[in-house]
Amino acid sequence: MIQFLRRYFAPICLMTLTAMSLVACKSLTSSDVVDYKTTGAVKGPNLSYPPDLITAQADRRYIVQDGTATMSEYNAALKKSVQTRSDVLTGIPGMRIARDGERRWLVVEKPAPELYPQIKDFWQENGFLLTVDSPSTGIMETDWAENRAKIAQDWIRSTLGSALDSIYDTGERDKYKTRLEVVKPNETEVYITQKGAIEKCVTDTTGSCLYTVWTPRPNDPELEAAFLARLMERLGMTQAQAKAQVATPLESKKPKAQLVQEGANVARIEIAAGFDRAWRDTGLALDRSNFSVEDRDRSNGIYFVRYVNAKDVGETKGFFSNLFSSKDDSNLKAKKYRVVVKATGENASTIIVQNAEGGPENTPAGVQLLTLLTQQLAR
């Protein structure tokens with residue numbers, strides 16, 4: 001209810017305060033589409049490094065220590081610092097965007113263990129708190145945050161500046177998952193997927209709002225692309241180069257996925273793609289659905305996942321009351337499964353769901369999970 005009042009009655013409150021707005025005007029317009037730094041919900045580090053500068057964290061080689069130092073030593077350290085900055089700004093060689101339809105991902109010629117901490121810093125610099133930080137699996141996930149760039153930059157906000165910024169609310173929240181995949185030695189694929197939620201009003205028979213609930217909204221590929229471009233800048237590419245790569249589509253076509261049912265509770269997904277593409281697309285489908293990938297075994301084509309079914313946790317309001325918790329969903333009725341990808345030909349693969357022990361999941365739940373994956377794979 002508070003969020004509802006904040007969003008719909010804030011303009012009225014601001015109209016009454018404009019007479020008191022004898023303050024310097026401040027331009028808040030921006031061509032950027034994402035701004036999560038200003039939200040009060042983010043409690044993580046909010047660093048201020050330029051996005052195109054990879055900065056050594058507290059590199060004490062360039063900090064003057066207590067005591068004396070000669071001019072020659074100072075000049076040598078200064079020269080080394082300038083050279084380091086020059087090397088950093090050249091970026092990582094062999095970095096490109098790959099794309100298949102609306103799916104985009106980053107390919108970097110660098111080992112995942114070296115790349116992971118840089119990507120972690122990237123999310124923190126953009127104002128996010130990480131709720132999942134797993135270098136061993138190459139997975140990190142942010143907490144829910146509000147994109148303040150979606151708030152209209154009207155003349156009232158421009159006049160009053162940020163003094164009353166907190167009373168504005170978009171009624172939307174986003175979280176992002178990053179997954180690093182090693183396909184070949186010294187080459188890492190980086191996938192960024194977005195999940196969204198929107199606040200909706202529950203009304204009575206007269207149309208009056210009783211309360212508001214958070215419900216899922218569709219994934220936004222453009223937000224994913226925006227952060228891929230920012231990440232490329234963070235790794236050393238220029239803004240123009242990053243935006244050009246993200247905007248340029250490849251000519252490859254999306255493989256078609258089809259759900260095949262052989263009985264009431266026996267099903268599989270057939271996908272017109274070889275193992276590499278099927279594995280990649282299955283990972284993206286899992287990231288965009290309500291799955292949590294705990295581990296994966298590419299050599300055997302297995303994703304070890306947990307899934308929380310809204311029907312298992314009661315009413316919608318109760319389920320989404322946990323939506324913005326920084327805790328994981330282990331307290332919910334999460335069940336473990338194995339999603340198995342198998343190549344059946346050069347350009348053909350199948351996807352099945354197994355139970356936690358690796359046995360057949362010939363239940364309505366198994367069919368439901370495959371249906372959800374098919375919907376994502378068909379995008």
Side-chain angles (χ1 to χ4, degrees), residues 1-15 33-43 102 127-129 131 141-154 156-157 164-177 192-224 226-227 285-292 307-329 331-334 368-369 371-373 375-376 378-379:
M1 187 67 179
I2 294 176
Q3 297 287 353
F4 177 80
L5 291 174
R6 285 174 60 193
R7 188 162 65 256
Y8 291 100
F9 291 96
I12 298 176
C13 296
L14 285 176
M15 291 290 290
V33 296
V34 289
D35 176 19
Y36 295 91
K37 286 188 176 183
T38 57
T39 174
V42 176
K43 300 178 182 178
E102 69 174 22
F128 288 94
L129 173 68
T131 59
E141 187 171 347
T142 73
D143 203 352
W144 293 95
E146 181 183 28
N147 184 1
R148 305 294 288 178
K150 289 189 175 183
I151 296 177
Q153 305 297 320
D154 53 25
I156 297 177
R157 291 196 70 223
L164 300 178
D165 190 63
S166 61
I167 70 174
Y168 281 87
D169 193 286
T170 63
E172 295 184 4
R173 298 293 186 271
D174 301 294
K175 68 188 305 183
Y176 295 86
K177 178 180 289 186
I192 294 178
T193 51
Q194 173 264 354
K195 286 185 180 180
I198 186 169
E199 191 178 19
K200 292 186 176 181
C201 188
V202 177
T203 61
D204 57 18
T205 55
T206 65
S208 300
C209 184
L210 299 175
Y211 54 85
T212 61
V213 295
W214 291 97
T215 59
R217 75 176 197 273
N219 303 97
D220 190 339
E222 295 308 312
L223 282 177
E224 296 170 352
F227 273 106
L286 291 170
D287 289 343
R288 286 177 169 174
S289 303
N290 205 30
F291 293 88
S292 295
Y307 179 73
V308 179
N309 191 333
K311 295 181 180 179
D312 294 337
V313 292
E315 298 297 325
T316 301
K317 183 181 178 182
F319 173 69
F320 285 103
S321 65
N322 297 286
L323 190 62
F324 301 112
S325 172
S326 60
K327 301 178 182 179
D328 60 30
D329 58 7
N331 61 317
L332 301 178
K333 296 180 181 179
Q368 179 188 6
L369 300 186
T371 301
L372 292 173
L373 288 177
Q375 293 171 354
Q376 290 293 338
R379 292 181 58 182

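In this chain, residues are counted from 1 in sequence order.
- Between Lys177 atom NZ and Ile192 atom CD1 the span is 13.0 Å, to the nearest 0.5 Å.
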Full working for side chain to side chain contact (heavy atoms under 4.5 Å, CB included) between Gln375 and Leu372: CA-CA 5 Å; Gln375 293 171 354; Leu372 292 173; 4.0 Å; yes
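- Using a cutoff of 4.0 Å between basic side-chain nitrogens and carboxylate oxygens, Asp143 and Arg173 are not scored as salt-bridged.
- Within the 4.5 Å cutoff, the side chain of Gln368 has heavy atoms near those of the Tyr307 side chain.
- Across Thr193 and Glu224, no two heavy atoms sit closer than the pair CA-OE2, 3.4 Å.
- Listed for the Ser289 side chain is a donor-acceptor partner under 3.5 Å among the backbone atoms of Ala285.
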Test log, rule side chain to side chain contact (heavy atoms under 4.5 Å, CB included), inputs Glu141 and Asp287: CA-CA 10 Å; Glu141 187 171 347; Asp287 289 343; over 6 Å; no
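- In this model, no donor atom of one side chain and acceptor atom of the other lie less than 3.5 Å apart for Gln194 and Asp220.
- Of all heavy-atom pairs spanning Asp174 and Leu223, the tightest one is OD1-CD1, 4.0 Å.
- Here the CH2-CG distance, from Trp144 to Leu129, works out to 14.0 Å after rounding to the nearest 0.5 Å.
- A distance of 9.0 Å separates CD of Glu146 from CD of Glu172, quoted to the nearest 0.5 Å.
- Ring pair Phe227/Tyr36 is tilted by interplanar angle, where 30° to 60° counts as tilted.
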